[in-house]
Amino acid sequence: MLFEVPARVAIIVGAAENGVIGADGTIPWHLSSDLKYFKARTVGQSVVMGRLTYQSIGRPLPGRRTIVVTQSTIEGVETVKSLCDALALAGRPVFLAGGSRIYEAGLEVADTIFLTRVHASPAGDTRFPALDAEAFECVWRQAGEQGPRDDHPFTFEIYRRRAALD
C-alpha cells in the first residue's frame, strides 16, 4: 500500500547507503519491488529526466508523460533545454527521475522526495546529493519486503520540505 503524500514537484530516486545511484550508465542493483513502487507512484503523471537517464531506459515510460532535459531532439518524447523549462511544460504534479544533475537542481524546488534506500554500498560513478536535514524531514519510513527478484534489502522513505510542513 502506498503512503499518500501530495506533491507538486517530487524527486523519486533509489540510492544506496553510500549515495550511489548509478554505475557506467546503469543502476548497480536490481529491485523488482522498487520498480513496481516507481510505476505505482508515477503512472499517469509527468516524469522529467536527463538525457543519460532516458538513454539508459531507452524508451518513453508507458502511461506517463516523459519529458527529457537535453540540448538535442529525441524522437518520441518531449525535450526541453532546462529543468525550469521542463517544470513549466509539465505542470503539477511532476516527478524528477534522474540523473544526478536533475536531482541536484531539483533539490532547490522539490517539496517531496520519494527515496528508496538500498541497503548496500556498491561502487558507482553517480551519486544522489546529500539531503539537507534543515530543509527536509523524513515523514514516513517502511521497510520493503524483499522478494526473490530483489538483490538487496531496502527501505521506502518519504521526505517533505520543512517549509511545506507549516
Side-chain angles (χ1 to χ4, degrees), residues 1-23 25-50 52-54 56-57 61 63-67 69 83 86-87 90 92-166:
M1 174 190 286
L2 292 179
F3 180 73
E4 290 305 319
V5 173
R8 294 178 301 274
V9 177
I11 288 173
I12 188 160
V13 60
E17 291 174 347
N18 61 358
V20 166
I21 61 172
T26 64
I27 298 172
W29 56 76
H30 180 77
L31 293 177
S32 181
S33 297
D34 184 47
L35 295 174
K36 291 175 187 170
Y37 178 78
F38 177 89
K39 182 178 181 180
R41 284 273 176 211
T42 61
V43 76
Q45 307 298 325
S46 295
V47 178
V48 173
M49 63 188 74
L52 294 176
T53 299
Y54 177 77
S56 73
I57 296 167
L61 295 171
R64 286 150 280 194
R65 181 180 187 187
T66 304
I67 301 169
V69 178
L83 179 58
L87 295 174
R92 302 292 188 272
V94 60
F95 285 86
L96 308 181
S100 62
R101 283 184 263 171
I102 296 294
Y103 289 142
E104 187 173 328
L107 283 173
E108 299 297 319
V109 296
D111 54 36
T112 308
I113 300 169
F114 297 97
L115 171 64
T116 301
R117 179 72 63 196
V118 181
H119 300 298
S121 293
D125 53 20
T126 310
R127 288 185 155 53
F128 186 70
L131 287 181
D132 178 358
E134 301 274 322
F136 291 95
E137 176 182 16
C138 186
V139 295
W140 184 76
R141 180 177 284 127
Q142 179 177 321
E145 288 189 36
Q146 188 175 355
R149 295 179 45 188
D150 297 322
D151 291 347
H152 303 283
F154 55 94
T155 302
F156 296 118
E157 301 173 353
I158 300 176
Y159 292 82
R160 291 294 303 221
R161 183 172 296 280
R162 288 188 183 273
L165 295 173
D166 299 333

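Only this structure's heavy atoms are used, side chains among them; waters, hydrogens and symmetry mates stay out. Just so you know, these numbers come straight off a predicted model, no measurement behind them.
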Do [X] and [Y] have side chains that get closer than 4.5 Å, going by heavy atoms?
X: His30; Y: Leu35; answer: yes
X: Leu96; Y: Leu83; answer: yes
X: Leu31; Y: Gln146; answer: no
X: Trp29; Y: Asp150; answer: no
X: Asp34; Y: Phe154; answer: no

Practice item. Please work out whether the ring planes of Phe95 and Phe114 are parallel, tilted or perpendicular, with thresholds of 30° and 60°. Key: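 It falls in the tilted class, 30° to 60°.
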**Study point:** Heavy atoms of other groups near Arg149 CZ, more than 12 under 6.0 Å
**Key:**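 Open: at most 12 neighbouring heavy atoms sit under 6.0 Å from CZ of Arg149.
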Review point. Can you list the residues that meet the side-chain contact (heavy atoms from CB on, under 4.5 Å) rule with Ile57, with sequence neighbours excluded?
Key: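 side-chain contact (heavy atoms from CB on, under 4.5 Å) check on Ile57 returns Met49, Thr53, Arg59, Leu61.
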Point to revise | Summary of side chain to side chain donor-acceptor pair (under 3.5 Å) pairs that have at least one residue in residues 98-108, sequence neighbours excluded | key: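 Qualifying pairs, neighbours excluded: none.
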Where is the tightest heavy-atom contact between [X] and [Y], given as atom of each residue plus distance?
X: Ala123; Y: Pro28; value: O-CB, 4.2 Å
X: Gly50; Y: Ile102; value: N-CG1, 3.6 Å
X: Gly25; Y: Ser56; value: O-CB, 3.2 Å
X: Pro93; Y: Gln45; value: CG-OE1, 2.8 Å
X: Ala90; Y: Ile67; value: CB-CD1, 3.7 Å

Would you mind writing out the side-chain donor-acceptor pairs for residues 10-22 within the sub-3.5 Å range, not counting sequence neighbours?
unit_1: Glu17; atom_1: OE2; unit_2: His119; atom_2: ND1; d: 2.7
unit_1: Asn18; atom_1: OD1; unit_2: Val20; atom_2: N; d: 3.2
unit_1: Asn18; atom_1: ND2; unit_2: Pro122; atom_2: O; d: 2.9

**Study point:** Which residues share a ring-ring contact (aromatic ring centres under 6.0 Å, His included) with Phe38, sequence neighbours left out
**Key:**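 ring-ring contact (aromatic ring centres under 6.0 Å, His included) list for Phe38, sorted by chain: empty.
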How far does [atom1] of [X] sit from [atom2] of [Y], to the nearest 0.5 angstrom?
X: Thr116; Y: Arg41; atom1: OG1; atom2: CZ; answer: 9.5 Å
X: Thr155; Y: Trp140; atom1: OG1; atom2: CH2; answer: 10.0 Å
X: Cys138; Y: Leu131; atom1: SG; atom2: CG; answer: 9.5 Å

Check your understanding: Which residues satisfy the side-chain hydrogen bond (donor to acceptor under 3.5 Å, both in side chains) test with Ser46, sequence neighbours excluded?
Key ->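 None.
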Review point. Of all residues at least two apart in sequence or in a different chain, which pass the salt bridge (Lys or Arg N to Asp or Glu O under 4.0 Å) check with Arg141?
Key: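 For Arg141, the residues satisfying salt bridge (Lys or Arg N to Asp or Glu O under 4.0 Å) (neighbours in sequence not counted) are Glu157.
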Practice item. Please confirm whether the backbone N or O of Arg8 pairs with a side-chain atom of Asp111, one donor and one acceptor, at under 3.5 Å? Key: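 Confirmed, Asp111 side chain pairs with Arg8 backbone.
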Exercise for review: Using atom types as modelled and distance alone, determine if a side-chain donor or acceptor of Arg161 lies under 3.5 Å from a backbone N or O of Leu107.
Suggested key: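 Indeed, once roles are kept as given, a pair shorter than 3.5 Å links the two residues.
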